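Quantities reported herein were computed from a predicted structural model and do not represent experimental measurements.
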Amino acid sequence: MDIVEALQRARDAYERREWLTAFQTLSRAGDALSAADLADLGTAAHLAGRHDDFVHAMSRACQLYEQNGEIARAVRCAAFLVDVLVFRGEVAVAGGWMGRGERLASVLPEEDAAVGHLLFSGVLSEVMAGRPDAAVGRAQRALAIAERTGDVELRAKALMGLGRCRILLGDVPAGLALLDEAMIGVLTGELSAVDAGRVYCSCIEACQEIGELQRMSEWTLALGVWCDRQPELVAFTGQCALHRGQMMRAHGALESAADELEHAATRYQAIDMPQAAGAALAEMAEVHRRRGDLRAAAVALERARAYGYMSRVEEMLLRFSTGDRESAVASARRMLASQAPASRRARMLPAVAEVLVVAGGEDEAAQAVSAMEQTAATLGTATAAAQATLARGRLAARLGPDSAEPLLREAASAFRRLDCPWEAAQAHLALAELLDDEDERAAAADLLRPDADESGPLSRRETEVLGLVAAGHSNRRIAETLHLSEKTVARHLSNIFVKLGVSSRTAAAAWAHARRHG
């Protein structure tokens, strides 16, 4: 095979999104590669999970573009390197490439799209560091450049970055609207694989932080379908598995969640991202704690620590569950004093309130609940509101039962509507303790049933919806049969797909038929 034929085969594989094949074929061309070929080689290496090869190829592409006088393309290569290195935690090397990119960009017009891509790289690093004030101006400039140049990829990234900034700054509705707009470019297929994956994962992460379960569920499903269509894809698959595991945990499919999070940790290990693998294992620890397997939870946290990842929330909850209340309370007090943005506090405050309401002082318990209510008001999500109601109900039960019952019943109903069975069960357990009511204990036990029972991972309502899907009914017909809105049916279907690990109605129906006749 001559070099021209080899390059054509590589380019064909690249167009088919066969990333490993493209990488291997381009690699064999050696010194015959142009700067554009090297950039494609670097992109394919990144998507195939070969980080060192990505850095080498993209660095060579940047150098060759600079030598050829193609400065805008060299700047884009530098921006790409910054994006990937920041995400992997290689901050010093990323800073070096940012400096080089800025030096190269200094000779370009300020409105060049390449300048906008470099600006976005700075947005990404500031958002990940929790510094939205430093990022918002860069995001706005990047978006303005995208609008003037018509660069759809820069526009999607800038919208995503600006949306993340708005959420971190407390303007959640505006931030979510920007994320929705960014996702349009992904869902319509306008973006490259790299930028589509980046926007997918960042938008899902933002929704996970604030408890926006509906968007998270829909986008996680779409990300899974997108990954499945690229069998040789490695990049983003760890994040996809992580988000699927988080959704499964939220919806009570704990055994499936543990498997998915183990898969996420394995994928992250394969691309040498130990911190990310540790984060997946910390999530798994909470899954095991909810299942009542405290030993497995401790093992998962020990594995996370071995990867250099320390999770304050999961560590605190495990200590609390194993009876080390003094240590757990001390951790809760430190987290309560944190000055993190509301979107970041949203993850820790429910756990902090759980510990302090049970074992802390009366004043600090009240302070934790008030902080949750303030955060819920800022975020405006149904999940945050339900968590705050549960915390207020628990506190009311501690101080005097008169106002506790309606709050706890409201929390139980809210979590049932959100299809969060573990949290709903906690509300029923609090009611059982408050009223000494066996019916409430039975309701909690039903919600906490293990995944492996005859009902499987789905809630009763989801089982009803799936049965009608398997019978060939449309969403409208299902809505009419079950007296639901079509939007609610669509939400149930999205949750079903996530829990079952499938990406279509046909696959879900096949699962239902196999279970019925197996």
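- Side-chain contact check for His428 versus Arg441: every heavy-atom pair is 4.5 Å or farther apart.
- Within the 4.5 Å cutoff, no side-chain heavy atoms of Ile167 are placed close to those of Pro132.
- Using a 4.5 Å heavy-atom threshold, the side chains of Pro341 and Arg344 count as touching.
- The two residues Leu407 and Thr389 come nearest to each other via the heavy atoms O-CG2, 3.3 Å.
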Next on the checklist: Walk me through whether Arg138 and Glu126 qualify under salt bridge (charged side-chain N to carboxylate O under 4.0 Å, His left out).
Outcome noted: CA-CA 10 Å; Arg138 295 176 72 100; Glu126 297 291 0; over 6 Å; no
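- At a threshold of 4.5 Å between non-hydrogen side-chain atoms, the residues Leu317 and Glu354 count as touching.
- Around atom CD of Glu433, no more than 12 heavy atoms belonging to other residues, nucleotides or ligands sit under 6.0 Å away.
- When all heavy atoms of Ser217 and Met247 are compared, the pair lying nearest together is CB-CE, 3.5 Å.
- Judged purely by distance below 3.5 Å, without hydrogens or angles, the side chains of His243 and Gln246 pair a donor atom with an acceptor atom.
- Contact of the Trp422 side chain with the Arg249 side chain is not registered, since no non-hydrogen atoms from C-beta on lie closer than 4.5 Å.
- The two residues Leu168 and Ser343 make their nearest non-hydrogen contact at CD2-OG, 3.1 Å.
- Of the candidates Asp83, Leu85, Val86, Asp83 is the only one forming a side chain to side chain contact (heavy atoms under 4.5 Å, CB included) with Ser121.
- A donor-acceptor pair shorter than 3.5 Å cannot be found between the side chains of Gln387 and Glu423.
- Between Ala470 and Ala509 the shortest heavy-atom distance is CA-CB, 3.8 Å.
- At distances below 3.5 Å, at least one donor-acceptor pair connects side-chain atoms of His251 with backbone N or O atoms of Asp419.
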Next on the checklist: Applying side-chain contact (heavy atoms from CB on, under 4.5 Å) to Thr266 and Glu262, what does each step give before you reach the verdict?
Outcome noted: CA-CA 6 Å; Thr266 300; Glu262 182 69 58; 4.1 Å; yes
Checklist entry - Given the rule in the side-chain contact (heavy atoms from CB on, under 4.5 Å) test, do Asp133 and Leu169 qualify, once you have shown the distances and angles that lead to the verdict? => result CA-CA 8 Å; Asp133 289 316; Leu169 291 169; 3.1 Å; yes
Next on the checklist: Working note: Arg312 + Glu315, criterion salt bridge (charged side-chain N to carboxylate O under 4.0 Å, His left out); need CA distance, chi angles, decisive distance, verdict.
Outcome noted: CA-CA 5 Å; Arg312 295 186 298 163; Glu315 293 274 4; over 6 Å; no
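- A side-chain donor-acceptor contact under 3.5 Å links Ser331 and Arg319.
- For the pair Leu336/Leu349, a side-chain contact is recorded, criterion being any heavy-atom separation below 4.5 Å from C-beta on.
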Checklist entry - Given Leu281 and Leu301, is the side-chain contact (heavy atoms from CB on, under 4.5 Å) satisfied, shown in steps? => result CA-CA 7 Å; Leu281 291 167; Leu301 286 175; over 6 Å; no
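- Counting only N and O atoms by type, the side chains of Ser338 and Arg345 include no donor and acceptor under 3.5 Å apart.
- Rounding to the nearest 0.5 angstrom, the gap separating the OG1 atom in Thr383 from the CD1 atom in Ile210 is 9.0 Å.
- Partner of Trp19 under the side-chain hydrogen bond (donor to acceptor under 3.5 Å, both in side chains) criterion, out of Gln230, His46, Glu232: Gln230 alone.
- No side-chain donor from either of Thr220 and Arg244 sits under 3.5 Å from a side-chain acceptor of the other.
- Checked against Phe80 for a ring pair (Phe, Tyr, Trp, His ring centres under 6.0 Å), the options Phe120, Phe54, Trp97 give a single hit: Phe54.
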Item to check | side-chain contact (heavy atoms from CB on, under 4.5 Å) assessment of Val84 paired with His51 | outcome: CA-CA 9 Å; Val84 174; His51 178 63; 3.9 Å; yes
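- Within the 4.5 Å cutoff, no side-chain heavy atoms of Leu179 are placed close to those of Leu159.
- Closest approach of Ala342 and Thr378 over heavy atoms only: CB-CG2, 4.0 Å.
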Next on the checklist: Walk me through whether Glu218 and Arg215 qualify under salt bridge (charged side-chain N to carboxylate O under 4.0 Å, His left out).
Outcome noted: CA-CA 5 Å; Glu218 292 176 5; Arg215 283 180 175 84; over 6 Å; no
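- Residues Tyr307 and Tyr268 place their aromatic rings such that the two centres sit no closer than 6.0 Å.
- When atom types are taken as modelled, the side chain of Ser413 and the backbone of Arg409 share a donor-acceptor pair closer than 3.5 angstrom.
- Contact of the Met183 side chain with the Trp219 side chain is registered, since non-hydrogen atoms from C-beta on lie closer than 4.5 Å.
- Closest heavy-atom contact between Ala135 and Val123: O-CG2, 3.7 Å.
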